[in-house]
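Take a look at the structure set out below.
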Amino acid sequence: MTDPSPAPTPHEPFDAVEVIRAKRDRHTLTGEQIDWVVDAYTRGVVAHEQMSALAMAILLNGMDRSEIARWTAAMIASGERMDFSGLRAPDGGVKPTADKHSTGGVGDKITLPLAPLVAVYGVAVPQLSGRGLGHTGGTLDKLESIPGWRADLTNQAMMDQLQDVGAVICAAGAGLAPADKKLYALRDVTGTVEAIPLIASSIMSKKIAEGTGTLVLDVKCGSGAFMKDEAQARELARTMVDLGRDAGVTTTALLTDMSTPLGLTAGNAIEVEESVEVLAGGGPADVVELTVALARAMLAGAGVTGVDPAEALADGRAMDVWRRMIAAQGGDPDAALPRARQSHVLTAPESGVLTRLDAMAVGLAAWRLGAGRARREDPVQAGAGVRMHAKPGDTVQAGQPLLTLLTDTPEQFDRALAALEGGFDIAPAGSGEAASFSPRPLLIDRID
Ligand code: URA
């Protein structure tokens, strides 16, 4: 946000202050106002302080469906659109494409087994992903722990890999929705990230510009998610599904729980290791359940029905695609993954049933151990993170390992342990609470 903001030229059709006032006074912005303000901000004609005032007015006063759709279209128009219609299926027809987007959570490594799993069934998966910021990890950070693996591909290399292997997970190029990049950086520092119209248009502009035919959204709610509250998560899911549909993309959302981490690992290399377990037909039940549910939704959207994706995890077909996908991007699927140099075990203070293991606490601990970054330019430690030895609903004995903290920088243990204080509850064995406890369902709802 250091670029200068030139004064508006006399040829500009609108005045930013008028647009800000209109939204401040709860009016509906016209399509022309929206097209102009998004474009003029991208060109540097609308100043950062003006866009930040408008973003705050949108956060406070909202936008209706047609405003959100127009805002999204304006952000798409700010950059390039990808086109996968050149991909060929074995019968010579166009190969269908499907993609997944998660609103982010702790231990969310689902993209790793999911992309190769869906590709097994002849659906191409162009998974453009990002790096992590804050307590949720980024898919590219996880994959970069595999020796040799490269996130940056040219558009041609991506197309070739989609045709030959069927799945690619790579960095989104700078050309997709550049208006969103600029606006997201501004929202990050002006307390305006949480506006549902702005979140929905930000995510969907990139996904629609990417050109996928089917999109499945994993909208998370709970302590470790962006949306803590189910009603808000539902509204976000509904808004994104409507945007996708209006743009001709077959879009479905699964509303899923993020009150506790997914699986038994939160970090980079340790999440890759767990994903490989899932691809080998094992792995934690919740990771398998969500991978299979999302695969089913992606396949159904792409017109593939009557298959059970769990079978391709069990019989090694998804693993075969994973190995080819990693190798195609320079990675060695057989290489040993980096390990943290130091570990610290946190034990259960009493015996009973683990009734809560808070996603935010674990995410924050993993982040402080070095698995995540505070600023976009920070490096991450491949081996850092948290291994969980029990999940809500499990019986634990006093003194047994509950969590193992991993890092190369042991001076971080104290701050990670502080993040975990109050982050779990154990109901004493024999208590009514222990007897009646049942974990929350992972899949909350589906929104079409
Ligand atoms: N992720 C995005 O890409 N945009 C948002 O606004 C929030 C999360």
Side-chain angles (χ1 to χ4, degrees), residues 1 38 41-42 48 51-52 54-60 62-63 67-69 71-76 78-79 82 99-106 108 110-111 126-141 151 169-212 215-222 224-229 232-244 247 249 251 253 255-256 258 359-360 363 372-373 376:
M1 264 172 293
V38 171
Y41 179 59
T42 311
H48 293 305
M51 189 49 120
S52 95
L54 181 59
M56 186 58 82
I58 292 169
L59 182 137
L60 296 173
M63 277 179 150
E67 286 176 293
I68 302 173
W71 188 278
T72 307
M75 295 219 291
I76 295 169
S78 73
M82 299 193 67
D99 187 10
K100 184 264 310 188
H101 178 83
S102 159
T103 56
V106 178
D108 185 1
I110 302 294
T111 298
Q127 192 75 51
L128 300 185
S129 299
R131 292 189 168 75
L133 193 63
H135 73 281
T136 62
T139 297
L140 302 182
D141 295 320
I169 304 174
C170 64
L176 287 183
D180 175 63
K181 283 202 177 57
K182 196 166 171 182
L183 182 56
Y184 190 73
L186 181 77
R187 288 166 55 213
D188 213 16
V189 294
T190 55
T192 50
V193 167
E194 292 83 354
I196 286 180
L198 296 180
I199 300 173
S201 54
S202 165
I203 292 172
M204 294 304 290
S205 62
K206 288 171 285 199
K207 288 294 161 184
I208 296 167
E210 177 197 295
T212 184
L215 177 63
V216 175
L217 300 160
D218 179 3
V219 180
K220 301 199 174 288
C221 65
F226 215 16
M227 298 280 139
K228 313 287 175 208
D229 166 74
Q232 276 189 321
R234 257 178 212 286
E235 189 187 335
L236 177 61
R238 180 78 266 153
T239 308
M240 292 197 291
V241 168
D242 288 346
L243 278 174
V249 180
T251 310
L255 205 63
T256 69
M258 187 28 74
M360 186 59 158
R373 52 170 73 77
R376 262 170 226 287

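Computed from a prediction, not measured in an experiment: that's the story for all the values here. Side chains are part of it too, since the values below use all heavy atoms of this structure and drop only hydrogens, waters and symmetry mates. In listed order, ligands and their atoms are each counted from 1. Numbers here are sequence positions counted from 1.
Counting heavy atoms from C-beta on, the side chains of I199 and F226 come closer than 4.5 Å. In this structure, the side chains of K207 and V249 stay at 4.5 Å or more apart for every pair of heavy atoms.
Protein residues having a heavy atom under 4.0 Å from any atom of ligand 1 are Y184, R187, I199, S202, I203, K206, F226, listed by chain and number.
Rounding to the nearest 0.5 Å gives a distance of 9.0 Å between OG of S205 and CG of L183.
Applying the side chain to side chain contact (heavy atoms under 4.5 Å, CB included) test to A200 and every residue at least two apart in sequence or in another chain returns L236, T239, M240, L243. Among residues two or more places apart in sequence or in another chain, the side chain to side chain contact (heavy atoms under 4.5 Å, CB included) test is passed with S202 by D180, Y184, R187, K206. Judged as a side chain to side chain contact (heavy atoms under 4.5 Å, CB included), and not counting sequence neighbours, the contacts of A151 are R131, L140, E144, W149, A171.
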